[in-house]
Amino acid sequence: MSALARLPSGPGDAAPAAPRPPGRHRLLPYLLLLPAAAWLLLFFAVPLLQLAAASLYDPAGSLATGYAMTWAFGNYPDALAAYWPQFLRSFGYAGAALVLALLTGYPLAYAIAQKAGRWKNLLLVCVVAPMFTSFLVRTLAWKTILSDNGWLVGLLRAAHLLDPDGRLLATPVAVVLGLTYNFLPFLVLPLYASLERLDPRLLEAAADLHAGPLGAFRRVTLPLSMPGLVAGTLLFFIPASGDYINAELLGTPNEYMIGNVIDSAFLVRLDYPQGAALSFLLMAAILAAVFGYLRRTGPEEVLG
């Protein structure tokens, strides 16, 4: 038979497509993940292993004499016994800032998502705009706002909400306010994403069923916004509990958090084993808090 006889004669007699190599097709997703996996391995897994090794060095060593690997697991209980107040203070400040951020951020996200109308994009830009500047600059701005001669302290003194010699700067209040302001966008944006998808007809239906504003919020708005609420609280609480800039600039050593102790261990005292042990203890505490929170809220509320 000639080659012309084997050609397809019409559209219904099309030649079968050549089969794809099965191995290459199965490997394609893994090849696409390879750059991200290599990045995580090089810049996360390897430094994390080095930090874990440093936490087990002999605490009697130094940068001058070197550190010997003695598998000193006692570094962990020693570090916790020495700095447990800073651990409690870190989670206390982060928790207080989270409550304050929820009280201010949830109404803000709801107003932007449901009531802003054509001003929605502008208000979202206003929420994100402070993040265009340096974290240090924003915190230093709060140092000016909360200063003893600032307008806010003068206003509170005039309203008799603050003693004549009272102050805000270098107090726990200043640290909590700084944490709230600096990390508020991480809470507002996920909440906005959930509330923006809220169908107003559901609230109208709740009102038709004789639900008041509080009942409609509790039965309709809050459950439907739970995915954004869970994501926002995690994005807020995790960096806030490990922060040290706000306590450094807005507080005193009496307000130092565990991040300040870790910073001092690595950069001032040059005690690498203790700094590494404190870092792992902080990561373990945050992971325990996050898993406990997710277990309490449930995965269906996280995933929506």
#### Entry: Ser225 and Tyr106: CA distance, side-chain angles, deciding distance, side chain to side chain donor-acceptor pair (under 3.5 Å) verdict
CA-CA 10 Å; Ser225 65; Tyr106 199 106; 2.6 Å; yes
### Task
Tell me, with the steps shown, if Tyr244 and Ile262 meet side-chain contact (heavy atoms from CB on, under 4.5 Å).
CA-CA 9 Å; Tyr244 68 96; Ile262 295 174; over 6 Å; no
### Task
Begin with the C-alpha distance, continue with both residues' side-chain angles, and end with the deciding distance and a verdict on ring pair (Phe, Tyr, Trp, His ring centres under 6.0 Å) for Phe183 and Phe135.
CA-CA 10 Å; Phe183 297 108; Phe135 192 92; 5.8 Å; yes
### Query
Under the side-chain contact (heavy atoms from CB on, under 4.5 Å) criterion, do Thr70 and Leu56 qualify, and how do the steps go?
CA-CA 7 Å; Thr70 58; Leu56 301 176; over 6 Å; no
### Task
Step by step, work out the side-chain contact (heavy atoms from CB on, under 4.5 Å) result for Ile112 and Val127.
CA-CA 10 Å; Ile112 296 175; Val127 171; 3.9 Å; yes
### Verdict with supporting geometry, Ile286 and Ser241, side-chain contact (heavy atoms from CB on, under 4.5 Å)
CA-CA 8 Å; Ile286 291 177; Ser241 58; 3.4 Å; yes
### Task
Go through the steps for Tyr76 and Ser55 under the test side chain to side chain donor-acceptor pair (under 3.5 Å), then give the verdict.
CA-CA 8 Å; Tyr76 287 91; Ser55 68; 2.7 Å; yes
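Within the 4.5 Å cutoff, the side chain of Tyr67 has no heavy atoms near those of the Pro59 side chain. Annotation: side chain of Phe186 is in contact with side chain of Met131 (closest heavy-atom distance under 4.5 Å). With contacts defined as side-chain heavy-atom distances shorter than 4.5 Å, the pair Leu294/Val290 qualifies. Here the side chains of Leu100 and Leu179 are not in contact, with every heavy-atom distance at 4.5 Å or above. Side-chain atoms of Leu187 and Leu235, non-hydrogen and from C-beta on, never get closer than 4.5 Å to each other. Looking at heavy atoms from C-beta onward, Met257 lies out of side-chain contact with Phe87 at the 4.5 angstrom threshold. Using a 4.5 Å cut-off on side-chain heavy atoms (C-beta onward), Leu146 and Val153 make no contact. Counting heavy atoms from C-beta outward, Leu189 and Val128 have side chains that approach closer than 4.5 Å.
Rounded to the nearest 0.5 angstrom, Asn260 CG and Glu248 CD are separated by 5.5 Å. Taking CG from Leu250 and CD1 from Ile145, the interatomic distance works out to 10.0 Å, rounded to the nearest 0.5 Å. Going from atom CG of Leu152 over to atom CG of Leu177 covers 8.0 Å, rounded to the nearest 0.5 Å. One finds the CG atom of Leu249 at 6.5 Å from the CG atom of Leu136 (value rounded to the nearest 0.5 Å). Distance check: Leu108 CG to Leu123 CG gives 7.5 Å after rounding to the nearest 0.5 Å. Put simply, CG on Leu224 and CG on Leu202 are 6.5 Å apart, with the number rounded to the nearest 0.5 Å.
For CG of Asn149, the number of neighbouring non-hydrogen atoms (other residues, nucleotides, ligands) closer than 6.0 Å is 12 at most. Enclosure of atom NZ in Lys143 is not indicated, since only 12 or fewer non-hydrogen atoms of other residues, nucleotides or ligands lie within 6.0 angstrom. The 12-atom threshold is not exceeded at CZ of Arg219, counting heavy atoms of other residues, nucleotides or ligands nearer than 6.0 Å.
Listed here is the closest heavy atom pair of Pro130 and Cys126: CD-O, 3.2 Å. Considering every non-hydrogen atom in both Ser90 and Ile258, the closest pair reads OG-N, 2.7 Å. Of all heavy-atom pairs spanning Arg89 and Tyr256, the tightest one is NH1-O, 2.7 Å.
Residue Phe44 is grouped with residue Phe280 when hydrophobic side chains (ILVMFWY) are merged at heavy-atom distances under 4.5 angstrom, including chains of intermediate members. The hydrophobic cluster containing Val173 also contains Trp151, counting ILVMFWY residues as joined when their side-chain heavy atoms lie under 4.5 angstrom apart, directly or transitively. Taken together through direct or relayed side-chain contacts under 4.5 Å among Ile, Leu, Val, Met, Phe, Trp and Tyr, Phe132 and Leu184 form part of one hydrophobic cluster.
Applying the salt bridge (charged side-chain N to carboxylate O under 4.0 Å, His left out) rule to pairs touching residues 146-171 yields Asp148-Arg167, sequence neighbours excluded.
Asn246 and Asp243 form a side-chain donor-acceptor contact under 3.5 Å, judged by distance and modelled atom types alone. Using modelled atom types, one finds a donor on one side chain and an acceptor on the other under 3.5 Å when comparing Ser62 with Thr65. In the model, Thr233 has a side-chain atom that pairs as donor or acceptor with a side-chain atom of Tyr293 under 3.5 Å.
Between Trp71 and Phe73, the angle of the ring planes stays under 30°, which puts this pair in the parallel group of the 30/60° scheme.
Remark: Tyr192 pairs with no residue by the ring-ring contact (aromatic ring centres under 6.0 Å, His included) rule, at least two apart or across chains.
When atom types are taken as modelled, the side chain of Asn75 and the backbone of Tyr57 share a donor-acceptor pair closer than 3.5 angstrom.
Between Tyr272 and Phe266, the distance from one ring center to the other falls under 6.0 angstrom.
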